[in-house]
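A short worksheet on the structure shown next.
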Amino acid sequence: MSDAFFHPVSGFDLPRFAGVATFMRLAHVPPDHARFSQVQLGLIGVPWDSGTTNRPGPRHGPRQLRDASTMIRAEHGVTGLRPFEARNCADLGDVAPNPADIADTMDRITAFYAQIKAAGIVPLTAGGDHLTSLPVLRALAADGPLGMVHFDSHTDLFHSYFGGQMYTHGTPFRRAVEEGLLDPKRVVQIGIRGTAYDREDRDFARAEGIHIIEIEEFHARAIPDVMAEARDIAGTGPTYLSYDIDFVDPAFAPGTGTPEVGGPNSFQALQVVRELAGLNLVGADLVEVSPPFDPTGATAYLGASIMFEMLCILAS
Ligand code: MN
Ligand code: MN
């Protein structure tokens, strides 16, 4: 049973529209807080989108996700799990980016997550664009390469953009494989679709043994079957979960920079996470929520709901 300090504020004690918005209405426990060492599961914002190559905005994601997450109640609707009672959960605050310097920002993110890893806290991150995952992996994979389950419309495995730019939200997992942060044979990418410049990313995946489940195959098979294969690929070793909101059909998640039609609906978006129970997860992220393209707030609410599914998996 977790410490009551780490339980979210109930809507019966303070209405959901009132108070300062933290992730899931949890206590704000930055690293200099006296309770930091007691946190087991930390929610973190990375308000940064310098890796974005087209429509910007995910730098505004964490604040919008915090607001939308005040809708989340304490008990899971399907499993009945009460994650905030299973683990000491807290909002660890935001990593402060340097919006004018990509390398400096990545170093700041890696330093922040190294501190979290040293404290034994499992991180659940709200991005930020998908380049955010690279500096997080640099910290979490310090002891050896990780497996990864990756939901996305895109592989994010490209070599470079714009004639040699190596650090964009289309390249993080190419760098992560090159840097030995991921074991490519334990990586599965699910939901890949849309038009492309070329197949250079797929060629790299094939050469490295990365498993891609494209959207045609995803829709043709039942989700429990797809996810059983994903669990087999990731295996029993330490594994990271990375979730780009553009995995979901833009009818349900329009608020993102690189939407691709023909994706899963919002029910399936949650179901795929639930099917990851049993994996040895060392962290997770939800990236690419872009509030400027999300006028109804539906994308942020779905994003917060996906984060709750992830939290339940990380806490069980
Ligand atoms: Mn992505
Ligand atoms: Mn994507």
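Numbering of ligands and ligand atoms starts at 1, following listing order.
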Could you name each residue pair satisfying ring pair (Phe, Tyr, Trp, His ring centres under 6.0 Å) that touches residues 206-261, not counting sequence neighbours?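 Qualifying pairs, neighbours excluded: F151-Y243, F151-F247, F218-F247, Y243-F247.
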
So which pairs with a foot in residues 14-39 pass ring pair (Phe, Tyr, Trp, His ring centres under 6.0 Å), sequence neighbours left out?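 For residues 14-39: F5-H33.
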
Check which protein N, O or S atoms are less than 2.8 Å from the Mn ion (ligand 1) and report how many there are.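 Every protein N, O or S atom under 2.8 Å from the Mn ion (ligand 1) counted, the figure is 4.
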
Quick one: does R108's side chain have a donor or acceptor within less than 3.5 Å of a partner on A103's backbone?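 Not at all, since once roles are kept as given, no pair shorter than 3.5 Å links the two residues.
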
Can you list the residues that meet the salt bridge (charged side-chain N to carboxylate O under 4.0 Å, His left out) rule with D67, with sequence neighbours excluded?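 Testing D67 for salt bridge (charged side-chain N to carboxylate O under 4.0 Å, His left out), a comparison that skips the adjacent residues, returns none.
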
Electrostatic pair E200:R174 at N-O distance under 4.0 angstrom: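 Yes, E200 and R174 are salt-bridged.
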
Any Lys/Arg nitrogen of E260 or R193 sitting under 4.0 Å from an Asp/Glu carboxylate oxygen of the other?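 Salt bridge absent between E260 and R193.
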
